[in-house]
Number of protein chains: 2
Amino acid sequence: MILETAAALFRDKGFQATSMKDIAVGVGVEAASLYNHIKSKQELLEQLLLVIADRFTAGMTDVTASSLSPKEKFEQLLRLHIRMTMEHPDSVALINSEWVHLAEPARSRYKSLESAYERDFLTILKACIEAGDFQQVDPRIALFSTLSTLRLLPIWYRKNKDISPIDLEKHIMQCLVDGLR
Amino acid sequence: MILETAAALFRDKGFQATSMKDIAVGVGVEAASLYNHIKSKQELLEQLLLVIADRFTAGMTDVTASSLSPKEKFEQLLRLHIRMTMEHPDSVALINSEWVHLAEPARSRYKSLESAYERDFLTILKACIEAGDFQQVDPRIALFSTLSTLRLLPIWYRKNKDISPIDLEKHIMQCLVDGLR
DNA sequence: GTCTATACGCTGATAGAC
DNA sequence: GTCTATCAGCGTATAGAC
């Protein structure tokens, strides 16, 4: 309950602009009472962000370990982001800007997980190109463009809940893979 | 000097986590001295974000008023974002998350400019589809995907300055319009 | 577990001397 | 214009009664 409340507030107002009082009001207790359940406000952010980072990392591990084709792996990653967005919309939304407020050593651990994730994603993208499934695009820009869409998905999805996961996947795949033309 | 320093700090640490002392140190004066040049910290954020919003709006006005084809208009908007990113990298980076810290009435004005911009962008996208330049994608998702890439560009560009604007435009256009396949 | 009371550093901002 | 001094309020977090 505390974590969920904090996630929603961090998403709306940002970590720094959210006070323990804000969270307490959301939960329905006094601010001091929160400290019977958590160690600090910082701990809340670490919980939220690192759990998400670990899940994305686990998802990536599954995909890379699989015997799927590069293009199927790419599709699996799309599904991973869509699933994560649906299941944890608030905490996934935090990955775009709130990680800067992580204190060390959590911040380094988080950035290291993120780097590894992007490196693996890039490897799969390059394999798609080599296999001839994707055309000869600049893989770094393809990764940037793809990840931009996937990372901002929770923000967009909030205002567009009237779409099914299947349609969402189909349309995003179409935009990213087939392009607009 | 104050505005530039503030923009860089807001980008790195966020508006709330940046103190007037931080800005003063960056400028090289005492915090109190800043108030001889600005009214408040809030005013700094409003200056930065609304100037950017106004420029995007002006760019959109030029594009819509032009006699270009829908697809050429789309390309012009891509160039607008790339140019803005190159010319004002720090303040353009703020549009992703820092607008939440705008106080009223600036916040409403900002959101209203943003809405109008997205509406006009969507209109152009739909015209591209109707003209047969783009395939039958879901225009809302195409807009979301395109704008995601363009909005996160300043963040990506910071770590990838070794690319020319021309190449950047070519590659982004290729990813977005032609897709990966 | 909950609460009230409190510590105390930092914040944005002002006053006033130079 | 700059500075030093200062204020009032809010922030996180703790102590201790119940």
Side-chain angles (χ1 to χ4, degrees), chain A residues 1-52 90-91 93-94 97-110, chain B residues 1-52 90-91 93-94 97-110:
Chain A
M1 189 65 198
I2 295 179
L3 271 172
E4 290 89 330
T5 307
L9 287 166
F10 292 168
R11 162 177 58 66
D12 281 346
K13 317 175 46 161
F15 174 76
Q16 282 276 349
T18 302
S19 69
M20 293 303 284
K21 181 117 189 283
D22 293 333
I23 301 173
V25 168
V27 173
V29 295
E30 291 300 314
S33 305
L34 294 173
Y35 291 90
N36 290 311
H37 305 272
I38 57 154
K39 205 177 99 265
S40 66
K41 185 184 167 189
Q42 173 68 212
E43 194 196 45
L44 283 173
L45 186 64
E46 296 184 4
Q47 275 286 322
L48 291 169
L49 279 175
L50 284 167
V51 163
I52 290 300
D90 296 336
S91 24
L94 302 180
S97 24
E98 301 310 315
W99 63 266
V100 297
H101 300 114
L102 285 174
E104 295 293 355
R107 180 168 160 147
S108 291
R109 189 165 114 65
Y110 178 83
Chain B
M1 189 67 194
I2 295 178
L3 271 172
E4 289 88 328
T5 306
L9 286 166
F10 292 170
R11 162 176 58 66
D12 282 347
K13 317 176 45 160
F15 174 76
Q16 282 276 348
T18 301
S19 68
M20 293 303 285
K21 181 116 189 282
D22 293 332
I23 301 171
V25 168
V27 173
V29 294
E30 291 301 313
S33 305
L34 295 173
Y35 290 91
N36 289 311
H37 306 272
I38 57 153
K39 205 178 97 264
S40 65
K41 185 184 166 188
Q42 174 69 212
E43 193 196 46
L44 283 173
L45 187 65
E46 296 184 4
Q47 275 285 322
L48 290 169
L49 279 176
L50 283 168
V51 164
I52 291 300
D90 295 337
S91 25
L94 301 181
S97 25
E98 301 310 314
W99 63 267
V100 296
H101 300 115
L102 285 174
E104 295 294 356
R107 180 169 160 147
S108 291
R109 191 166 111 67
Y110 178 83

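What you see is a predicted model; the values in this text were computed from it and never measured. Numbered from 1 within each chain, the chains take letters A, B, ... in sequence-line order.
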Within this structure, what is the [atom1]-to-[atom2] distance between [X] and [N], rounded to whole angstrom?
X        : N       : atom1 : atom2 : answer
Glu43(A) : dT12(D) : CD    : C1'   : 14 Å
Ile38(B) : dG12(C) : CD1   : C1'   : 10 Å
Ile2(A)  : dG1(C)  : CD1   : C1'   : 12 Å
Phe10(B) : dG12(C) : CZ    : C1'   : 12 Å

Any donor-acceptor N/O pair, Arg11(B) side chain to Leu94(B) backbone, under 3.5 Å:
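No, because the side chain of Arg11(B) does not come within donor-acceptor range (under 3.5 Å) of the backbone of Leu94(B).
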Does Glu46(A) offer a backbone N or O that forms a donor-acceptor pair with the side chain of Gln42(A) under 3.5 Å?
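No, because the side chain of Gln42(A) does not come within donor-acceptor range (under 3.5 Å) of the backbone of Glu46(A).
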Less than 4.5 Å apart, any side-chain heavy atom of [X] and any of [Y]?
X         : Y        : result
Tyr110(B) : Leu50(B) : yes
Ile38(A)  : Leu44(A) : yes
Ile23(B)  : Phe10(B) : yes
Lys41(B)  : Phe15(B) : yes

Of the residues in residues 13-28 of chain A, which ones touch DNA chain D at a heavy-atom distance under 4.0 Å?
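Within this stretch, Thr18(A), Ser19(A), Met20(A) sit under 4.0 Å of the strand.
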For DNA chain D, find the residues of residues 30-37 of chain B with a heavy-atom distance under 4.0 Å and give them by number; none if there aren't any.
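Contacting residues: Glu30(B), Ala32(B), Ser33(B), Asn36(B), His37(B).
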Please report the interatomic distance OG1(Thr18(A)) to CD(Glu98(A)), rounded to the nearest 0.5 Å.
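Between Thr18(A) OG1 and Glu98(A) CD, I get 8.0 Å after rounding to 0.5 Å.
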CD1 on Ile2(A) to OG1 on Thr5(A), rounded to 0.5 Å:
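Going from the OG1 atom of Thr5(A) to the CD1 atom of Ile2(A) covers 7.5 Å.
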